[in-house]
Undergrad: 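Below: one structure in structure tokens.
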Amino acid sequence: MENPILDAKRELIHWIKEMDELEDIAELLEIKNKKTSVNKVTESQAEYAVKDDFHERFAKGLTGEELMRKVYAHIESLPWKEK
């Protein structure tokens, strides 16, 4: 018993091999691209267009002393209960 999908594929391959119209071939390529692009995970290219300004941001960051002052201030502001 022959697989009906394989028969259909063979028929399509034979038909495409005999095809000479560029418009028809372009239309088939569009269909193929739509079908394959659905299965692909795409990422936005805008993410990669952003300038890498790590060193600038790092220079504007907190020093170790500033960080410790903020940590201690935050700890002191917490509502501690004495037992």
Side-chain angles (χ1 to χ4, degrees):
M1 183 168 171
E2 190 86 19
N3 187 343
I5 293 176
L6 290 178
D7 289 338
K9 285 181 179 182
R10 285 188 193 114
E11 184 179 336
L12 284 170
I13 290 169
H14 179 71
W15 176 65
I16 291 170
K17 282 182 180 179
E18 294 179 356
M19 198 177 274
D20 290 329
E21 289 293 321
L22 185 58
E23 292 175 0
D24 294 339
I25 294 171
E27 191 174 333
L28 287 173
L29 284 173
E30 282 182 36
I31 293 170
K32 176 194 153 271
N33 290 336
K34 285 179 186 175
K35 291 289 186 181
T36 57
S37 68
V38 168
N39 296 331
K40 292 181 183 176
V41 175
T42 58
E43 294 182 14
S44 171
Q45 293 300 317
E47 294 178 39
Y48 303 106
V50 176
K51 183 182 107 178
D52 183 18
D53 61 344
F54 170 78
H55 295 293
E56 292 173 22
R57 290 183 289 124
F58 187 79
K60 293 178 184 176
L62 296 176
T63 65
E65 294 168 356
E66 290 172 320
L67 175 64
M68 292 310 294
R69 268 189 259 128
K70 287 189 176 204
V71 168
Y72 286 124
H74 176 71
I75 291 172
E76 293 295 324
S77 71
L78 294 174
W80 300 104
K81 292 182 181 178
E82 291 192 29
K83 290 185 179 182

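Count residues from 1 along the sequence. Note that the coordinates shown come from a computational prediction; the quantities given were computed from them, not determined experimentally. What's counted below: heavy atoms across the whole structure, side chains too, no hydrogens, waters or symmetry copies.
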Undergrad: Please test Arg69 against Glu65 for side-chain contact (heavy atoms from CB on, under 4.5 Å), starting from the C-alpha separation and ending with a verdict.
TA: CA-CA 6 Å; Arg69 268 189 259 128; Glu65 294 168 356; 4.0 Å; yes

Undergrad: Could you walk me through whether Met19 and Trp15 satisfy the side-chain contact (heavy atoms from CB on, under 4.5 Å) test, starting with their C-alpha distance in whole Å, then the side-chain angles of each, then the deciding distance to 0.1 Å, before giving a yes or no?
TA: CA-CA 6 Å; Met19 198 177 274; Trp15 176 65; 3.2 Å; yes

Undergrad: If you draw a 6.0 Å radius around CD in Glu76, do more than 12 non-hydrogen atoms from other residues or ligands fall strictly inside?
TA: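 For Glu76, atom CD is not crowded (no more than 12 foreign heavy atoms under 6.0 Å).
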
Undergrad: Of Glu11, Arg10, Lys17, which meets side chain to side chain contact (heavy atoms under 4.5 Å, CB included) against Ile13?
TA: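 Answer to the side chain to side chain contact (heavy atoms under 4.5 Å, CB included) test with Ile13 among Glu11, Arg10, Lys17: Lys17.
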
Undergrad: If I take atom OH from residue Tyr72 and atom CG from residue Leu67, how far apart are they, to the nearest 0.5 angstrom?
TA: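 Separation between the atoms: 10.0 Å.
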
Undergrad: Mind checking whether Leu78 and Val71 sit in one hydrophobic cluster, side chains of I, L, V, M, F, W, Y counted as touching below 4.5 Å?
TA: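 As far as the 4.5 Å side-chain criterion goes, Val71 and Leu78 are connected within one cluster.
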
Undergrad: May I ask you to check whether over 12 heavy atoms, not counting those of Glu18, lie within 6.0 Å of atom CD?
TA: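 Above 12, so yes.
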
Undergrad: Nearest 0.5 Å, please: how far is CZ in Arg57 from NE2 in His55?
TA: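 Answer rounded to 0.5 Å: 10.0 Å.
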
Undergrad: More than 12 heavy atoms of other residues, nucleotides or ligands under 6.0 Å from CG of Leu62: is that the case?
TA: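 Atom CG in Leu62 is packed in, count exceeds 12.
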
Undergrad: Rounded to the nearest 0.5 Å, what separation is found between the CG atom of Asp20 and the CD1 atom of Ile25?
TA: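 Going from the CG atom of Asp20 to the CD1 atom of Ile25 covers 7.0 Å.
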
Undergrad: If I take atom CG from residue Leu29 and atom CG from residue Asp24, how far apart are they, to the nearest 0.5 angstrom?
TA: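 Interatomic distance, Leu29 CG to Asp24 CG, rounded to 0.5 Å: 11.0 Å.
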
